Amino acid sequence: MAPGEVTGTELSKSQRAYHWIKERIANQEFTPGYRLVLGAIASELDMSVVPVREAIRQLEAEGLVMFERNVGARVSMVDDTQYRFSMQTLAILEGAATALAARRLTADDVRAARAVNELMVETLDHFDPHAFTRLNQEFHAALYAKTDNPRLLDLVRGEWARLGHLRDSTFAFVPGRAQESVREHENILRLIESGAPLGEIEKAARRHRSATLDAYMIHEHPDEALGLAAF
């Protein structure tokens, strides 16, 4: 058999690997940005990496998987356009909710939010984008949860839930954004602590969310990023 040639048995295994991976993408066990480690999948399925590689190539051709230099195979973004719309919407809603809640936050509330941000900083050396995202959501919820507008709060939470269906972690796509993010968190906290004008707090929170979308667009769609509207 010539090098790289696939036998009938291996082809059958590649189809088994294909359906196994695709099923986990469909049920969101493997979420957008999730790294597909060939060796781990091969071990799980009790086969060599050759059929797994063939399966991933097939999934790449279908747009479900993408390859990136020095990273390997990752699950693709499910709906890129809807993700952008949700991030733009959340930038506006969350910015407003954070500003409206700012005067209602106690010193203990701010300390608790800062403690979460410090945990996020600690994760940077051994970065786990999914854990970072969970802490990120906890941090922001601590800042906007005390808004006295229940309708606005429902809308913010609804957009967060919608984002969860579109992708697990933007930081899996642009991990370098994480360091900038925690610095921006600290800036928002300082604005709240100092009693800054609510418009300034709103703008900082809105730009913080928009900057994550900008980073994603520059990384994944550099040609389109040039036309991004400034929020």
Side-chain angles (χ1 to χ4, degrees), residues 31-35 66 68-71 74 77 80 83-99 101-102 105 109-144 156 159-160 162-164 166-194 196-231:
T31 51
Y34 184 92
R35 187 180 173 209
M66 60 191 298
E68 184 175 350
R69 186 184 299 276
N70 299 325
V71 175
R74 298 178 303 163
M77 185 70 74
D80 206 67
Y83 166 74
R84 297 183 219 177
F85 291 161
S86 278
M87 285 292 281
Q88 289 171 345
T89 302
L90 189 57
I92 296 168
L93 295 176
E94 189 177 86
T98 300
L105 295 177
D109 291 330
V110 173
R111 275 194 294 270
R114 180 169 278 121
V116 173
N117 197 46
E118 288 170 354
L119 285 175
M120 296 173 75
V121 172
E122 291 175 7
T123 69
L124 294 177
D125 289 338
H126 304 284
F127 191 60
D128 179 346
H130 310 295
F132 188 89
T133 294
R134 287 192 294 273
L135 288 170
N136 185 53
Q137 185 168 0
E138 183 180 344
F139 172 84
H140 286 287
L143 298 190
Y144 64 66
V156 172
E159 284 304 319
W160 267 104
R162 183 176 175 80
L163 278 175
L166 295 172
R167 62 93 181 98
D168 184 39
S169 175
T170 309
F171 298 104
F173 292 85
V174 281
R177 170 65 189 147
Q179 292 187 344
E180 298 172 358
S181 184
V182 293
R183 286 195 294 268
E184 291 165 11
H185 286 175
E186 180 58 31
N187 178 57
I188 294 170
L189 290 174
R190 288 175 180 169
L191 289 173
I192 292 171
E193 284 178 317
S194 68
L198 297 185
E200 191 174 343
I201 294 171
E202 185 275 336
K203 183 177 181 180
R206 173 165 42 88
R207 278 302 307 148
H208 167 68
R209 177 66 52 212
S210 296
T212 298
L213 174 59
D214 292 351
Y216 170 79
M217 289 295 294
I218 290 168
H219 187 271
E220 298 291 318
H221 305 284
D223 293 339
E224 296 178 44
L226 295 174
L228 283 176
F231 277 96

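Values in this document were obtained by computation on a predicted structure and should not be read as measured data.
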Full working for side-chain contact (heavy atoms from CB on, under 4.5 Å) between W160 and H140:
CA-CA 10 Å; W160 267 104; H140 286 287; 4.3 Å; yes
Verdict with reasoning, E184 to N117, per side-chain contact (heavy atoms from CB on, under 4.5 Å):
CA-CA 10 Å; E184 291 165 11; N117 197 46; over 6 Å; no
Can you list the steps and then say if H185 with V116 is a side-chain contact (heavy atoms from CB on, under 4.5 Å)?
CA-CA 10 Å; H185 286 175; V116 173; over 6 Å; no
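For the atom pair CZ of R206 and CD1 of I92, the computed distance is 7.5 Å after rounding to the nearest 0.5 Å. Here the OH-CG distance, from Y144 to L93, works out to 10.5 Å after rounding to the nearest 0.5 Å. One distance of note links CD of E94 with OG of S210; it measures 10.0 Å at 0.5 Å rounding. Once rounded to the nearest 0.5 Å, the distance linking NZ of K203 with CG of L191 reads 11.5 Å. Taking CZ of R209 as the reference point, atom CG of L213 lies at 10.0 Å (rounded to 0.5 Å).
Within 6.0 Å of CD on E193 lie more than 12 heavy atoms contributed by other residues, nucleotides or ligands.
D109 pairs by the side chain to side chain donor-acceptor pair (under 3.5 Å) definition with T106, K146, not counting sequence neighbours. Partners of R190 by salt bridge (charged side-chain N to carboxylate O under 4.0 Å, His left out), not counting sequence neighbours, listed by chain and number: E186. In this structure E159 satisfies the salt bridge (charged side-chain N to carboxylate O under 4.0 Å, His left out) test with no other residue, sequence neighbours excluded. Qualifying salt bridge (charged side-chain N to carboxylate O under 4.0 Å, His left out) partners for R111, counting only residues two or more places apart in sequence or in other chains: D108. In this view, E118 satisfies the salt bridge (charged side-chain N to carboxylate O under 4.0 Å, His left out) rule with no residue, not counting sequence neighbours. Residues that satisfy the side chain to side chain contact (heavy atoms under 4.5 Å, CB included) test with A96, not counting sequence neighbours, are L152. Residues satisfying the side chain to side chain donor-acceptor pair (under 3.5 Å) criterion with E180, sequence neighbours excluded, are R177. With sequence neighbours left out, the side chain to side chain contact (heavy atoms under 4.5 Å, CB included) criterion links A115 to no other residue. Judged as a side chain to side chain contact (heavy atoms under 4.5 Å, CB included), and not counting sequence neighbours, the contacts of A102 are I192, L198, I201.
Inter-residue side-chain proximity for L143 and L189 is flagged as met; some heavy-atom pair is nearer than 4.5 Å. Considering only heavy atoms from C-beta on, M217 stays 4.5 Å or farther from M87 through its side chain.
Identified under the salt bridge (charged side-chain N to carboxylate O under 4.0 Å, His left out) test for residues 120-133, with sequence neighbours left out: none.
Judged purely by atom type and a 3.5 angstrom limit, S86 has no side-chain atom pairing as donor or acceptor with the backbone of Y83.
The two atoms that bring N136 and S181 nearest to each other are OD1-OG, 4.2 Å, heavy atoms only. Nearest approach of F171 to P129, heavy atoms of both residues: C-CB, 3.8 Å. Closest of all the heavy-atom pairs between N187 and A204 is ND2-CB, 4.3 Å. Nearest heavy-atom pair across A142 and L105 is O-CD2, 3.6 Å.
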